[in-house]
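As structure tokens, the structure follows; a few thoughts come after it.
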Amino acid sequence: MKIRQLASYACGALILTLSSVIWADVIAEDNFESGVHSSLWNGFSYVSVAKLPQETGRTGYGLKMWYKGTALDTSDADAEARFDLKKEYTDLLIEFDLFIPANYKHVTPSDRAANNKFLRLWQVSYSEGEQIGAGTIPQDNTTTSIIGTDYKRFPNWGVSTAVKQSRDFITPEDLGHWMAIKIYARAPTDTSNGVLRIYKNKYVVLDDTNIANILPGTQGWRYGYLLGWANSGFREDTILYIDNVRFSDVAPPKSPGGAPSSSK
């Protein structure tokens with residue numbers, strides 16, 4: 001496990017089928033191979049650094065995201081890994097590998113609250129200022145997941161979930177497999193909207209370029225968490241794994257269609 005502050009590397013901007021060279025600086029990264037977490041992380045809830053089990057097809061260590069199961073269908077679950085990037089960034093690239101277990105089921109409980117957190121970013125505190133992120137909701141009458149963007153649409157509102165959505169984010173084909181996740185987040189300003197662009201296995205699955213600035217001035221992202229509260233809950237213990245986490249400070253993409261992509 002290593003944390004590298006401001007280590008430069010060249011990366012390509014993935015713009016549909018067109019690539020152009022762009023520079024990025026690694027803010028922090030963690031592959032968990034020492035068996036303990038790095039100073040990047042500042043709070044775990046039902047999360048631990050653990051050996052990757054045989055079912056993942058990998059050796060070594062990763063973050064074990066343990067959602068406790070319960071037979072009560074209105075019970076929630078939680079597995080949240082909080083981080084602190086030590087300063088604010090207006091253009092941020094987040095990369096990690098995510099293992100979806102074979103028993104993953106995104107259910108709709110009887111109280112209809114079924115949105116689950118996937119990512120949150122904020123500037124000052126969780127309850128102050130702007131906040132953006134993404135979450136999942138069930139897809140139709142299946143146990144698969146849609147991905148959607150989450151953010152405040154007006155200053156006096158709470159965070160709206162699944163503002164813009166994309167289907168088939170977690171599908172039956174993903175069960176028992178790793179997916180490579182990249183998330184590009186650009187903070188809004190007084191003159192330009194913010195962006196949240198999500199890649200799954202090198203392909204853009206969700207591109208929201210309409211995140212309005214609800215507070216005066218340029219925003220930035222310092223704090224956040226990966227995964228998080230699951231309003232749907234799980235009927236049995238459901239363990240996801242996260243590996244090879246990297247945060248990079250990136251230059252803005254040269255086209256609305258793309259976001260930076262490292263050589264990872």
Side-chain angles (χ1 to χ4, degrees), residues 30-32 35 37 41 43-83 94-120 133-150 161-162 165-183 198 200-201 205-206 224-245:
D30 199 345
N31 62 14
F32 311 104
H37 64 80
W41 311 99
F44 284 164
S45 177
Y46 293 99
V47 174
S48 62
V49 177
K51 284 189 175 181
L52 295 170
Q54 185 176 5
E55 67 188 85
T56 66
R58 293 186 182 181
T59 59
Y61 291 82
L63 278 187
K64 179 180 180 180
M65 316 292 288
W66 177 30
Y67 289 95
K68 296 183 66 175
T70 175
L72 182 62
D73 95 315
T74 55
S75 289
D76 302 344
D78 185 31
E80 177 182 297
R82 292 205 174 201
F83 54 83
I94 304 167
E95 305 170 78
F96 58 94
D97 297 334
L98 178 65
F99 181 79
I100 309 298
N103 70 334
Y104 176 90
K105 293 180 180 178
H106 197 155
V107 298
T108 302
S110 57
D111 62 7
R112 311 302 295 178
N115 60 299
N116 299 339
K117 304 288 179 54
F118 190 76
L119 168 75
R120 280 292 184 272
T136 57
I137 58 176
Q139 183 164 305
D140 304 326
N141 295 317
T142 72
T143 55
T144 58
S145 297
I146 292 169
I147 189 79
T149 47
D150 302 342
T161 58
Q165 304 173 14
S166 179
R167 298 169 63 83
D168 300 320
F169 181 62
I170 299 177
T171 71
E173 290 71 27
D174 295 311
L175 305 185
H177 296 285
W178 290 91
M179 59 173 68
I181 301 296
K182 296 180 189 287
I183 303 171
I198 300 176
K200 171 188 170 183
N201 299 331
V205 294
L206 183 61
Y225 56 75
L226 302 181
L227 301 191
W229 197 267
N231 286 291
S232 72
F234 292 89
R235 304 293 75 80
E236 59 187 40
D237 285 2
T238 303
I239 300 173
L240 287 75
Y241 289 90
I242 288 177
D243 198 8
N244 299 323
V245 180

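For reference, positions follow the sequence shown, starting with 1.
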Checklist outcome for this item: On a heavy-atom basis, the closest approach of Ser166 and Ile146 is O-CG2, 3.2 Å
Next on the checklist: Rounded at 0.5 Å granularity, tell me how far CG in Leu119 sits from CD1 in Ile183.
Outcome noted: 4.5 Å
Checklist entry - What are the two closest heavy atoms between Pro109 and Ala114, and how far apart are they? => result CD-CB, 3.9 Å
Item to check | Trace of the side chain to side chain contact (heavy atoms under 4.5 Å, CB included) decision for His106 with Thr136 | outcome: CA-CA 9 Å; His106 197 155; Thr136 57; 3.3 Å; yes
Next on the checklist: Please tell me whether Asn244 and Glu95 have a donor and an acceptor in their side chains that are separated by less than 3.5 angstrom.
Outcome noted: no
Item to check | Closest non-hydrogen atom pair between Thr70 and Ser75, with its separation | outcome: CG2-CB, 3.3 Å
Item to check | Ile181 CD1 to Phe169 CZ distance, which is reported to the nearest 0.5 Å | outcome: 4.0 Å
Checklist entry - Do Ser48 side-chain atoms and Ala50 backbone N/O form a donor-acceptor pair below 3.5 Å? => result no
Checklist entry - Is there a donor-acceptor pair closer than 3.5 Å between any side-chain N or O of Asn231 and the backbone N or O of Asn116? => result no
Checklist entry - Which heavy atom in Phe99 sits nearest to a heavy atom in Trp178, and how many Å separate them? => result N-CE3, 3.4 Å
Checklist outcome for this item: One should read off an interatomic distance between Asp111 CG and Thr108 OG1, to the nearest 0.5 angstrom, of 10.0 Å
Next on the checklist: Any side-chain to backbone donor/acceptor pair from Lys200 onto Met179? Under 3.5 Å, distance only.
Outcome noted: no
Checklist entry - Do the side chains of Pro138 and Thr143 get nearer than 4.5 Å, heavy atoms only? => result no
Item to check | Approximate separation, where rounding is to 0.5 Å, of Asn31 CG and Leu63 CG | outcome: 11.0 Å
Item to check | Separation between CG of Leu72 and CZ of Arg235, rounded to the nearest 0.5 Å | outcome: 7.5 Å
Next on the checklist: Suppose we screen for side chain to side chain donor-acceptor pair (under 3.5 Å). Which residues come up paired with Thr144, at least two apart in sequence or across chains?
Outcome noted: Thr142
Checklist entry - Parallel, tilted or perpendicular for Trp41 and Phe83, by the 30°/60° rule? => result perpendicular
Checklist entry - Any side-chain donor-acceptor pair under 3.5 Å between Ser110 and Asp73? => result yes
Checklist outcome for this item: Checking Asp78, Asp76, Asn115 against Trp229 for side chain to side chain donor-acceptor pair (under 3.5 Å), the one that qualifies is Asp76
Item to check | Residue pair Thr238 / Glu236: nearest heavy atoms and the distance that separates them | outcome: OG1-O, 2.9 Å
Checklist entry - Which of these passes side chain to side chain contact (heavy atoms under 4.5 Å, CB included) with Phe44: Glu80, Lys64, His37, Arg82? => result His37
Checklist entry - So Tyr67 and Phe234, would you call those rings parallel, tilted or perpendicular, with 30° and 60° as cut-offs? => result tilted
Checklist entry - Are Lys68 and Asp237 close enough that some pair of their side-chain heavy atoms sits under 4.5 Å apart? => result yes
Checklist outcome for this item: Output for pair (Asp243 CG, Leu52 CG), nearest 0.5 Å, gives 5.5 Å
Item to check | side chain to side chain contact (heavy atoms under 4.5 Å, CB included) partner of Tyr241, the single match among Thr56, Leu98, Asp97, Ile100 | outcome: Thr56
Checklist entry - Taking only residues two or more places apart in sequence or in another chain, which ones pass side-chain contact (heavy atoms from CB on, under 4.5 Å) with Asp150? => result Arg120, Val159, Thr161
Next on the checklist: Using a 3.5 Å distance criterion without hydrogens, assess whether the side chain of Ser45 forms a donor-acceptor pair with backbone atoms of Gly43.
Outcome noted: no
Checklist entry - Without hydrogens or angle criteria, can the side chains of Tyr104 and Ser145 be said to hold a donor-acceptor pair below 3.5 Å? => result yes
